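The structure follows.
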Amino acid sequence: VQLQASGGGLVRTGGSLRLSCAASKRTASNNAMAWFRQAPGKEREFVSAISWNGRATTYADSVRGRFTISRDNAKNTVYLQMNSLRPEDTAVYYCAVARGSIPTSDPRLYNYWGQGTQVTVSS
């Protein structure tokens with residue numbers, strides 16, 4: 001499975017961005033998917049995950065209430081709507097496909113990763 005993330009960019013504090021991640025195979029529609037991010041000098045951290053059917057989601061405390069994850073299995077695509085962005089959201093955002101169908105924050109349970117898209121939030 002190949003993943004292509006897009007939608008990153010430069011935005012001011014309080015602005016919004018919508019990230020997309022397209023999977024190359026329909027296989028991904030049977031698996032949970034997630035977004036992680038990595039800021040300069042920091043470890044990769046979990047952002048949000050969604051179950052194979054979109055009915056279950058989970059979020060990091062730092063983004064809950066501001067970010068919304070969704071997916072369209074007909075398009076093999078997962079989205080991350082990011083609102084009320086803050087400078088601390090600045091990072092490279094990666095999408096990933098899990099080994100199973102249940103959303104999880106454990107990066108060890110994801111076996112396919114996209115190349116990342118840069119999100120920069122200016123103050």
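The figures that follow rest on heavy atoms only: side chains count, while hydrogens, waters and symmetry mates do not. Fair warning: this is a prediction, and the values are worked out from it, not measured in the lab.
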Checklist line | Tyr59: ring-ring contact (aromatic ring centres under 6.0 Å, His included) partners, not counting sequence neighbours | finding: none
Item checked: Pairwise distance CZ(Arg66) to OG1(Thr68) - rounded to 0.5 angstrom -> 11.0 Å
Notebook entry, point to check: Is atom CD of Gln2 surrounded by more than 12 heavy atoms (other residues, nucleotides or ligands) closer than 6.0 Å?
Noted result: no
Check: Which pairs pass ring-ring contact (aromatic ring centres under 6.0 Å, His included) with one or both residues in residues 94-123, sequence neighbours excluded?
Finding: Phe36-Tyr110, Phe36-Trp113
N/O donor to acceptor pairs below 3.5 angstrom from side-chain atoms of residues 41-50, sequence neighbours left out:
unit_1	atom_1	unit_2	atom_2	d
Glu45	OE2	Arg37	NE	2.5
Glu45	OE2	Arg37	NH2	3.1
Ser48	OG	Thr58	O	3.0

Item checked: Contact list for residues 95-104, test side-chain hydrogen bond (donor to acceptor under 3.5 Å, both in side chains), sequence neighbours left out -> none
Notebook entry, point to check: Is it true that a side-chain atom of Asp72 and a backbone atom of Thr77 form a donor plus acceptor pair closer than 3.5 Å?
Noted result: no
Next item on the list: Report the residues that fulfil side chain to side chain donor-acceptor pair (under 3.5 Å) with Arg86, sequence neighbours left out, ordered by chain and then residue number.
Entry: none
Check: Does Gln4 reach the main-chain N or O of Gly114 with its side chain, forming a donor-acceptor pair under 3.5 Å?
Finding: no
Margin query: Among residues at least two apart in sequence or on other chains, which ones pass ring-ring contact (aromatic ring centres under 6.0 Å, His included) with Tyr93?
Written below: none
Check: With sequence neighbours left out, what residues match Val11 under side chain to side chain contact (heavy atoms under 4.5 Å, CB included)?
Finding: Leu17, Leu85, Val121
Margin query: Tell me every residue that passes side chain to side chain donor-acceptor pair (under 3.5 Å) with Arg64, counting only those two or more places apart in sequence or in another chain.
Written below: Asp61
Item checked: Minimum side-chain heavy-atom gap Leu19-Val119 below 4.5 Å -> yes
Margin query: Strictly by disulfide (SG to SG under 2.5 Å), give each pair with a member in residues 30-116 just once, sequence neighbours left out.
Written below: Cys21-Cys95
Item checked: Closest heavy-atom pair and its distance - Val92, Gln118 -> CG2-OE1, 3.2 Å
Notebook entry, point to check: Below 4.5 Å, heavy atoms only, C-beta onward: do Ser16 and Asn83 meet side chain to side chain?
Noted result: yes
Margin query: According to side chain to side chain donor-acceptor pair (under 3.5 Å), who are the partners of Arg108, at least two apart in sequence or on a separate chain?
Written below: Asp106
Note to self: For Trp35 versus Ser20, what's the shortest heavy-atom pair and its separation?
What the structure shows: CH2-O, 3.6 Å
Item checked: Asn73 side chain vs Asn53 backbone, donor-acceptor pair below 3.5 Å -> no
Notebook entry, point to check: Considering residues at least two apart in sequence or located in another chain, which fulfil the side chain to side chain contact (heavy atoms under 4.5 Å, CB included) criterion with Leu10?
Noted result: Thr120, Ser122
Notebook entry, point to check: Under 4.5 Å between side-chain heavy atoms, hopping through other hydrophobics if needed: is there a path connecting Val1 to Met33?
Noted result: yes
Item checked: side chain to side chain donor-acceptor pair (under 3.5 Å) partners for Thr90, two or more places apart -> none
Next item on the list: Heavy atoms only: give me the nearest Ala56-Pro103 pair and the separation to one decimal.
Entry: O-CG, 3.9 Å
